[in-house]
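This report refers to the structure that appears directly beneath it.
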Amino acid sequence: MSADRVFVTGASGQDGGLLVDRLLADGASIVALVREEDAGAARLADAGVEVVVGDLADLDGLADAVEAASPSLVVSLGGISSVAESWRSPARTGLVSGAAVAALVEGAWRVEERTGTAPRLVQASSSEIFGDASESPQRETTPIAPVSPYGAAKAYAHRMVQLARARGMHASNAILYNHESPARPLSFVTRKITHGVARIAAGLDDHLSLGNLDAHRDWGWAPDFVDAMLRIARADAPGDWVVATGETRTVRDFVGAAFAAAGIDDWQRLVVVDPRFVRPADVARTVGDASRLRTELGWAPTVAFDDIVAAMVRHDAALVAAGETS
Ligand code: GDP
């Protein structure tokens, strides 16, 4: 496949940055839709990315932007990516994480009308579409039953991508479980923990406030997940693929691993549970079965849980030492 012209939303996020680096290394040309106020826009332009200013909430503008770019591949990473934030902005989440994906499909169909060939499309779908899943581990066939505004928006987008596929487009869902890296925003629990632990280790804080420590998550390494999305984009046939490590750990496990990486064993007294961080509804446990991705597309996770945590703690210790916050 010639993935040589790629339209990306969410290019200034964690996964977007990793994807852009991979695509530039492959010699692709990239068109990135970014908001005007987005600090990442200048960095993308400096890297040689064609930056189009727009808002995912402007559905007509979004479809127009895809049509104008006439890409061979659309990668949909944009939207509200935090479950916690989706409870504060459910309507906007539905628009930018749900309806915006239909606008990308609409734009792709217009390209097809004009050129005879629709671009391929990969949607960053999510384990949150399964909610409190009826089976464990979850697979591509697990019933969709979201329990958050984020999950509901992602479920709509997921279905829209399947409908585009039914109409003949090479449109796929990468059903992504939590995936982390030093570029994860501080609003996510992993980065909040590694940054907090680095501050405690440096003597800047004396405790870390968290919510539900018993939640289980299947946490992977973000560069592996971006690699999975590229494999899915380049697969012979489109489809839906779970992208997950198959291992699940508690938030408490993550905290313990982060303190261990910082050389602190006696950490229990340093962690405070604050009800402000406990969610109205929280998925108790996620774990994904990525057998399909492993067997059909040869994917496998390359970084183990303890090494993910250690890499993030190392990064945050260096930031704290340099007097920077994120
Ligand atoms: P999510 O799985 O996409 O919602 O990713 P997060 O990293 O935001 O949350 C992972 C889990 O950590 C959820 O079960 C949260 O309820 C739990 N958690 C516990 N304390 C915190 C906290 O202080 N901040 C966040 N963001 N999550 C927390």
Side-chain angles (χ1 to χ4, degrees), residues 10 13-15 77-90 93 96-98 124-133 136-138 142 144-155 157-158 174-200 205 207-222 225 242-245 247-259 267-268 270-288 305 308-309 312-313 316 326:
Q14 169 187 260
D15 296 358
L77 305 175
I80 286 177
S81 62
S82 151
V83 173
E85 190 183 340
S86 81
W87 284 104
R88 295 189 290 271
S89 312
T93 304
V96 299
S97 301
S125 189
S126 166
S127 56
E128 279 283 323
I129 65 173
F130 301 131
D132 275 313
S136 184
Q138 296 87 51
T142 297
I144 294 176
V147 295
S148 67
Y150 173 81
K154 285 289 192 181
H158 185 92
I175 307 169
L176 306 173
Y177 282 61
N178 296 47
H179 47 288
E180 316 301 316
S181 78
R184 194 66 145 150
L186 289 164
S187 54
F188 288 84
V189 77
T190 52
R191 188 75 202 295
K192 181 177 171 181
I193 293 167
T194 59
H195 190 254
V197 166
R199 285 183 59 85
I200 291 171
D205 285 339
H207 73 281
L208 176 60
S209 295
L210 294 169
N212 177 13
L213 299 181
D214 296 315
H216 283 74
R217 288 289 181 278
D218 181 331
W219 276 297
W221 179 235
F225 282 50
V242 163
V243 187
T245 71
E247 292 177 18
T248 190
R249 299 261 178 15
T250 62
V251 173
R252 186 177 284 101
D253 293 335
F254 197 104
V255 171
F259 276 111
W267 57 266
Q268 314 280 349
L270 301 171
V271 174
V272 175
V273 172
D274 184 334
R276 277 186 306 145
F277 298 117
V278 178
R279 297 186 186 164
D282 197 19
V283 172
R285 188 172 189 274
T286 67
V287 58
F305 176 77
I308 295 172
V309 180
M312 293 174 70
V313 169
D316 281 325
S326 61

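We count residues from 1, following the sequence as given. Whatever order the structure lists them in is the order used to number ligands and atoms, beginning at 1.
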| query | Does the side chain of Ser127 pick up a donor-acceptor pair with the side chain of Gln138 at under 3.5 Å? | reply | no
| task | Indicate, with yes or no, if the rings of Tyr177 and Phe225 have centres closer together than 6.0 Å. | result | no
| task | Can you sort out which atoms of ligand 1 are near Lys192, meaning under 4.0 Å from one of its heavy atoms? | result | 22 (C), 23 (O)
| task | Going by heavy-atom distance to atom 19 (C) of ligand 1, choose the closest among Asn178, Leu208, Asn212. | result | Asn212
| message | Taking only non-hydrogen atoms of Ser187, do any sit less than 4.0 angstrom from ligand 1? | response | yes
| message | Within the structure provided, determine whether Thr194 and Phe254 are in side-chain contact (heavy-atom separation under 4.5 Å). | response | yes
| So is there a nitrogen or oxygen of Val189 less than 3.5 Å from a nitrogen or oxygen in ligand 1? | yes
| Charged N to carboxylate O below 4.0 Å: is that the case for Asp316 and Arg191? | yes
| task | Report the member of Asp282, Leu213, Val273, Val283 with the shortest heavy-atom distance to atom 15 (C) of ligand 1. | result | Asp282
| task | Consider only side-chain N and O atoms of Glu128 and Ser148, and report whether a donor and an acceptor are under 3.5 Å apart. | result | yes
| message | I'd like to know if the side chain of Ser136 pairs up with that of Arg285 as donor and acceptor (distance under 3.5 Å, no hydrogens or angles considered). | response | yes
| Atom indices of ligand 1 within 4.0 angstrom of Ala215 heavy atoms, with elements | 14 (O)
| field | From CA spacing to verdict: side-chain hydrogen bond (donor to acceptor under 3.5 Å, both in side chains), Asp218, Thr286 | value | CA-CA 6 Å; Asp218 181 331; Thr286 67; 6.0 Å; no
| task | Could you tell me whether a side-chain N or O of Ser126 sits under 3.5 Å from a main-chain N or O of Ile129, the two making a donor and an acceptor? | result | no
| said: As a check for students: among His179, Arg279, Arg191, Arg217, identify the option with a heavy atom nearest to atom 6 (P) of ligand 1. | reply: Arg279
| task | Examine the proximity of ligand 1 to Leu210 and report which part, side chain or backbone, both or neither, has a heavy atom under 4.0 Å away. | result | both
| message | Using a 3.5 Å cut-off on N or O atoms only, is Glu128 in polar contact with ligand 1? | response | no
| Near Val83, which atoms of ligand 1 are under 4.0 Å from a heavy atom of that residue? | 3 (O), 4 (O)
| task | Look only at interatomic distance and state if Val251 has a nitrogen or oxygen under 3.5 Å from any nitrogen or oxygen of ligand 1. | result | no
| note | Looking only at protein heavy atoms, what sits closest to atom 20 (N) of ligand 1 is Gly211 N, 2.8 Å
